[in-house]
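Okay, structure first, notes after.
No hydrogens, no waters, no symmetry mates; every other heavy atom, side chains included, goes into these values. Here, residue 1 is the first one in the sequence, and each next residue gets the next number.
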Amino acid sequence: MIEYIRAIDTTKWGEEQKNNIKEYKGKPGVWILLGKEHTDAPLVCLQVGATKYIGEEIERDICLLKQGSKPVEEKRRYVNQFGEYMFSYDICPSRAQELYWDISKKYTDLIFICVAHGDELENKELRKDIEKYVAYRTLSRYWVNGGQYKGDKSEEEIKSIKESCKKECAELFEKIKRNYKGADMLNEFLNNLIKGKIEVADC
């Protein structure tokens, strides 16, 4: 498990990384969690979060990834924002614990990346727009838009939801660009991620 936060400036990724989570404490922004299904697979976006406290939220999530969970009798279905069933989770201890337990079992090379931060991100609406834009562009596998999505969908419905989300991206990006100076760098990073050009072999 990687215990630091990357920034989207990939030119600095070759540098030795240390635990820098405290540098992000008390700072607003948007983060993503990337991982690989197997060693030779490209990185995919697993989760996206918009928060007023990047460091604190990622620190908690790292703990959840490490912690695991104990199975209990009753299960619920975890369905992402696009209507796809991902896994079943125990009602207790918590959905978040089960989510990170599922991720830790299925993915390797897990890394948190801060994709947006700065004074502009004090604006909650801007944070939410960036979170949604990133989740839609990457089709983030576990992202739910602030809550549990009710009921999984058929393959046709999932395809339709994803197409609708992709269409909304252009409008979202224009809105973000008007309010966030790092919009172009964010977009370049996402383009490279989607094309499989982002690697963390040196992590």
Side-chain angles (χ1 to χ4, degrees), residues 2-10 12-13 19-35 43-65 78-83 86 94-97 99-100 103 110-150 161-162 164-194 198:
I2 295 167
E3 294 193 43
Y4 53 82
I5 304 169
R6 286 281 196 186
I8 60 173
D9 183 357
T10 54
K12 296 180 179 175
W13 281 25
N19 189 326
N20 63 346
I21 292 171
K22 65 177 182 239
E23 295 168 29
Y24 287 89
K25 287 194 173 183
K27 294 185 179 178
V30 179
W31 58 265
I32 60 175
L33 174 62
L34 302 180
L43 284 165
V44 293
C45 183
L46 303 172
Q47 187 64 298
V48 184
T51 178
K52 201 166 179 183
Y53 308 103
I54 299 170
E56 290 86 344
E57 192 163 290
I58 289 177
E59 192 171 58
R60 181 207 64 202
D61 292 349
I62 286 172
C63 286
L64 290 174
L65 277 165
Y78 186 99
V79 178
N80 71 15
Q81 188 67 22
F82 311 106
M86 299 304 293
S94 78
R95 186 177 78 153
Q97 286 174 303
L99 179 146
Y100 284 110
I103 288 172
L110 297 172
I111 184 166
F112 286 94
I113 298 178
C114 178
V115 294
H117 65 87
D119 294 339
E120 308 103 311
L121 278 295
E122 289 289 345
N123 180 325
K124 185 178 181 180
E125 187 179 328
L126 178 59
R127 286 197 310 266
K128 292 304 285 178
D129 285 343
I130 294 172
E131 176 189 22
K132 185 189 265 191
Y133 176 69
V134 171
Y136 283 4
R137 282 288 316 277
T138 62
L139 296 176
S140 179
R141 297 202 175 168
Y142 288 86
W143 181 72
V144 288
N145 193 12
Q148 182 180 1
Y149 194 86
K150 304 290 183 190
I161 291 168
K162 287 182 176 181
S164 174
C165 290
K166 284 184 177 182
K167 285 178 186 172
E168 194 178 331
C169 284
E171 186 181 319
L172 270 171
F173 183 68
E174 287 308 311
K175 189 176 175 187
I176 291 163
K177 199 169 180 175
R178 287 193 298 270
N179 300 297
Y180 180 56
K181 64 185 173 196
D184 288 329
M185 185 184 288
L186 168 65
N187 209 38
E188 182 182 349
F189 175 83
L190 294 176
N191 287 339
N192 286 332
L193 176 63
I194 292 162
I198 301 294

Ion pair present between Glu131 and Lys128, side-chain N to carboxylate O less than 4.0 angstrom?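 Answer for the salt bridge query: yes.
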Between Lys175 and Glu125, is the closest basic N to carboxylate O distance under 4.0 Å?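 Answer for the salt bridge query: yes.
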Mind checking whether [X] and [Y] have side chains closer than 4.5 Å, heavy atoms only?
| X | Y | result |
| --- | --- | --- |
| Gln81 | Ile161 | no |
| Asp184 | Phe173 | yes |
| Leu34 | Leu193 | yes |
| Asn179 | Glu120 | no |
| Tyr78 | Val144 | yes |

Any side-chain to backbone donor/acceptor pair from [X] onto [Y]? Under 3.5 Å, distance only.
| X | Y | answer |
| --- | --- | --- |
| Glu56 | Gly26 | yes |
| Gln47 | Leu33 | no |
| Asn20 | Glu23 | no |
| Tyr180 | Gly118 | no |
| Asn192 | Ile198 | no |

Nearest-0.5 Å distance that lies between atom [atom1] in [X] and atom [atom2] in [Y]:
| X | Y | atom1 | atom2 | value |
| --- | --- | --- | --- | --- |
| Arg137 | Ile130 | CZ | CD1 | 13.5 Å |
| Leu65 | Arg60 | CG | CZ | 10.5 Å |
| Asn145 | Asn80 | CG | CG | 11.5 Å |
| Cys169 | Lys132 | SG | NZ | 10.0 Å |
| Leu190 | Tyr136 | CG | OH | 15.0 Å |
| Ile54 | Leu121 | CD1 | CG | 7.0 Å |

Looking at [X], I'd like to know if its [atom1] atom is crowded, meaning that more than 12 non-hydrogen atoms belonging to other residues, nucleotides or ligands lie closer than 6.0 Å.
| X | atom1 | answer |
| --- | --- | --- |
| Lys162 | NZ | yes |
| Met86 | CE | yes |
| Glu122 | CD | yes |
| Lys25 | NZ | yes |

Would Ile5 and Trp31 count as a side-chain contact (heavy atoms from CB on, under 4.5 Å) here? Give the steps. CA-CA 9 Å; Ile5 304 169; Trp31 58 265; 5.9 Å; no
Smallest separation among heavy atoms of Ile21 and Tyr4, with atom names: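 Heavy-atom minimum between the residues: CG1-CA, 4.3 Å.
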Could you pull out the closest heavy-atom pair between Arg127 and Val30, with the gap in Å?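 Here Arg127 and Val30 meet closest at O-CG2, 3.6 Å.
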Scan Ile111, Val48, Thr138 and name whichever one has a side chain to side chain contact (heavy atoms under 4.5 Å, CB included) with Ile32.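 Checked Ile111, Val48, Thr138 against Ile32; only one passes side chain to side chain contact (heavy atoms under 4.5 Å, CB included): Val48.
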Once the angle between the rings of Tyr24 and His117 is folded into 0 to 90°, is it parallel (under 30°), tilted (30 to 60°) or perpendicular (over 60°)?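 Ring orientation of Tyr24 relative to His117: perpendicular.
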Can you say whether the rings of Phe82 and Trp143 are parallel (under 30°), tilted (30 to 60°) or perpendicular (over 60°)?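 Geometry flag for Trp143 against Phe82: tilted rings.
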Under 3.5 Å, is there a donor-acceptor pair linking the side chains of Tyr133 and Asn187?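 Yes, a side-chain donor-acceptor pair sits under 3.5 Å.
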Verdict with supporting geometry, Val134 and Leu186, side-chain contact (heavy atoms from CB on, under 4.5 Å): CA-CA 9 Å; Val134 171; Leu186 168 65; 4.0 Å; yes
